[in-house]
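Since the structure comes first, as structure tokens, the remarks are kept for the end.
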Amino acid sequence: MVEKVSGYAIFLLDCDGTIQTWNPAAQAMKGYRTDEAVGRNFSMLYTDQERIDGRPEHNLREAAKHGTYQEEDWRQRKDCSRFWALIEIIAIKDASGNLTGFCKLTRDGTDRRKMEEALQDADRRKDEFLAMLAHELRNPLAPVSAAAELLSLQKLDAESSKKASQVIMRQVKHMTELVDDLLDVSRVSRGQVKLDIRALDMKIVVGAAIEQVRSLIEHRDHTLAIVAAPSKAHVKGDEKRLIQVVANLVNNAAKYTQPGGAIEVRLSVTGNDVCIVVSDNGVGIEQGAQHNIFEMFEQVQRTSDRTTGGLGIGLALVHNIVELHKGTVTCHSDGIGLGSRFTVCIPGLKVEDSGPERRRVERSLELPLANNKLSILIVDDNVDAAEMIEFFLVTAGHNVTLAHTAKAALTSLKTAVPDVCILDIGLPDLTGHDLALQIRTLHVPAPVLIEPLAKLAERMKIAWQRKRKGGGGRPFLA
């Protein structure tokens, strides 16, 4: 029966530890044939240092004393390779209770050990990430709190009030970017991002990405070299997401390169792929940190302080987006102080496919001043958020009604139907989606449900244009 057991090395020892039997699983696990093991002391399975320390004898004594001895530790095979062993030594006694030998069972737990180490490492990185996130979010709160307190005193002149407001706007923008990054990597990693795939010219993508981080490059006085492919560099992809990938890599190069350093962005066509290589002569990356640099929450300590640190999610996001495009991203650095190089390759557009559309990169739209006023209902249980949206819309010339629950919104709709509804998703008595469905059933023509609140300005402009042209239908935003 023991001969047929797989996965467990099972063999008998005499009282002195001499091996008496040796099953096939023991040979497969430890590398010794039966004739090489039987008759030899089981201390052959321990390292030289363990034999010097008396470990084999200690384990047998403990098993004889307590009936069994269990441990987990590294063990050595015949070829000197190591594996994580789950070991039990069982004392064998006769009817009179006299010790007659031992049975030793060993299971290879290397895979389990690696999994545990990976979980521990992930937990460590998560703790470091949470600490950094708390640090990154707390820092902007101090100036926001101070500026808000000053404004509440109502003793500031116009210039001072403007300065305090600008402080709040800058810090809120910073916090919004952090939260947006978190939401982005969460959506992408869970497969909840729908890519807007179309033919693209990667030269335009690279140009738009560099434009996003140009201010940081200029602020740190870097020299930026852009080497464009001499031939067409067309791919099928999501323009916004690919700009995000390149901008992230160039932004990292700018942050982790000393002021006055050099950054190169090289676009090339290699085989069937279009590749973007972002290299710098900055602080570099340790060899051991490069294999997991694209993992979530990974934060490589590339500088002695944390002033240029991030949340450890940017490169994870890059990796996930590139994978969604069926591409690859790699990292290389010769070590600390020797710069780094990141290479992204995306499958190129086939010759028979149509070329990319010539179009401008999407820019954020400003809310237009209303030539024709819109009536707008805002439903949000966050009073501050609702009042701030109301403030901006009223400033733009629209009529605004506030409601902080779905019930209050439905009551309001009985007296007047607005042109636009802005619905928060998470309301205390009903979800924004369910509220929108109820509104649709109550009013004809059925309004259009548009979910991304971030596109408010664009949708407001469309609604305004429809109103001006006398078009039917009312847009509803959630």
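Predicted model only: the values in this text are computed from it and were never measured.
Between Q76 and L45, the closest side-chain pair of non-hydrogen atoms is not below 4.5 Å. No side-chain heavy atom of T401 sits under 4.5 Å from any side-chain heavy atom of I378. Between I376 and P418 the shortest side-chain heavy-atom distance does not fall below 4.5 Å. Residues V274 and H234 form no side-chain contact, since every pair of their non-hydrogen atoms from C-beta on lies 4.5 Å or further apart. Q438 has its side chain within reach of L430: a pair of non-hydrogen atoms, C-beta onward, lies under 4.5 Å apart. Here the side chains of M115 and D111 are not in contact, with every heavy-atom distance at 4.5 Å or above. The shortest distance between side-chain heavy atoms of I204 and E239 falls below 4.5 Å. Side-chain contact between V277 and V265: absent, with no pair of heavy atoms (C-beta onward) separated by less than 4.5 Å.
Note: Y8 OH to L105 CG = 8.5 Å, rounded to the nearest 0.5 Å. The distance from atom NE2 of H319 to atom CG of L324, rounded to the nearest 0.5 Å, is 10.5 Å. Atoms SG and CD1, from C275 and I346 in turn, are 8.5 Å apart once rounded to the nearest 0.5 Å. The line from OG1 of T330 to CZ of R341 is 7.5 Å long, rounded to the nearest 0.5 Å. The OG1 atom of T223 lies 9.0 Å from the CG atom of N281; values are rounded to the nearest 0.5 Å. For the atom pair CD1 of I210 and CG of N251, the computed distance is 12.5 Å after rounding to the nearest 0.5 Å.
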request  = Could you walk me through whether S340 and D280 pass the side chain to side chain donor-acceptor pair (under 3.5 Å) test, one step at a time?
outcome  = CA-CA 6 Å; S340 59; D280 61 66; 3.0 Å; yes
task = Before giving the answer on salt bridge (charged side-chain N to carboxylate O under 4.0 Å, His left out), spell out for R55 and E71 the whole-Å C-alpha distance, their side-chain angles and the decisive distance to 0.1 Å.
result = CA-CA 12 Å; R55 188 77 172 275; E71 70 173 353; 2.8 Å; yes
query = Should V206 and K203 be marked as a side-chain contact (heavy atoms from CB on, under 4.5 Å) after you check the CA-CA gap, both sets of side-chain angles, and the distance that decides it?
reply = CA-CA 5 Å; V206 170; K203 294 178 182 179; 6.0 Å; no
Working for side-chain contact (heavy atoms from CB on, under 4.5 Å), residues N248 and N252 = CA-CA 6 Å; N248 193 303; N252 277 358; 3.5 Å; yes
key: Test side-chain contact (heavy atoms from CB on, under 4.5 Å) applied to D424 and V379, step by step   = CA-CA 6 Å; D424 182 29; V379 188; 6.0 Å; no
request  = Apply the test salt bridge (charged side-chain N to carboxylate O under 4.0 Å, His left out) to residues K162 and E159: give CA-CA distance (whole Å), side-chain angles for both, the deciding distance (0.1 Å), then the verdict.
outcome  = CA-CA 5 Å; K162 181 180 178 181; E159 185 62 30; 5.5 Å; no
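With no hydrogens or angles considered, no side-chain donor-acceptor pair links Y46 and D73 at under 3.5 Å. T431 and D434 form a side-chain donor-acceptor contact under 3.5 Å, judged by distance and modelled atom types alone.
The 12-atom threshold is not exceeded at CG of N272, counting heavy atoms of other residues, nucleotides or ligands nearer than 6.0 Å. Atom NZ of K78 is surrounded by more than 12 heavy atoms from other residues, nucleotides or ligands within 6.0 Å. The number of heavy atoms from other shown groups lying within 6.0 Å of NZ (K232) does not exceed 12.
Minimum interatomic distance between A148 and I168 (heavy atoms only, all atoms of both residues): N-CD1, 4.0 Å. Of all non-hydrogen atoms in L427 and D381, the two that sit nearest each other are CD2-N, 3.9 Å. Across all their heavy atoms, I293 and F342 have their closest contact at CD1-CZ, 4.2 Å. The minimum heavy-atom distance between T257 and R220, with the atom names listed, is O-NH2, 2.9 Å. Listed here is the closest heavy atom pair of P347 and D273: CA-OD1, 3.5 Å. Residues I243 and A208 come closest through the heavy atom pair CD1-CB, 3.6 Å.
At distances below 3.5 Å, at least one donor-acceptor pair connects side-chain atoms of R77 with backbone N or O atoms of M29. A donor-acceptor pair is defined here as one N or O able to donate and one able to accept, closer than 3.5 Å; no such pair exists between the side chain of H398 and the backbone of S375. Here the side chain of S333 pairs a donor or acceptor atom with the backbone of G335 at under 3.5 angstrom. In this structure, the side chain of H222 engages the main chain of A254 through a donor-acceptor pair within 3.5 Å. The backbone N or O of D238 lies less than 3.5 Å from a partner atom in the side chain of H325, making a donor-acceptor pair. Within the 3.5 Å criterion, the main-chain N or O of A406 finds a donor-acceptor partner in the side chain of D429.
Under 4.0 Å is where a charged nitrogen must lie from a carboxylate oxygen, and between R112 and E72 at least one such pair does.
Just one residue in the list T47, D48, D53 forms a side chain to side chain donor-acceptor pair (under 3.5 Å) with R51, and that residue is D48.
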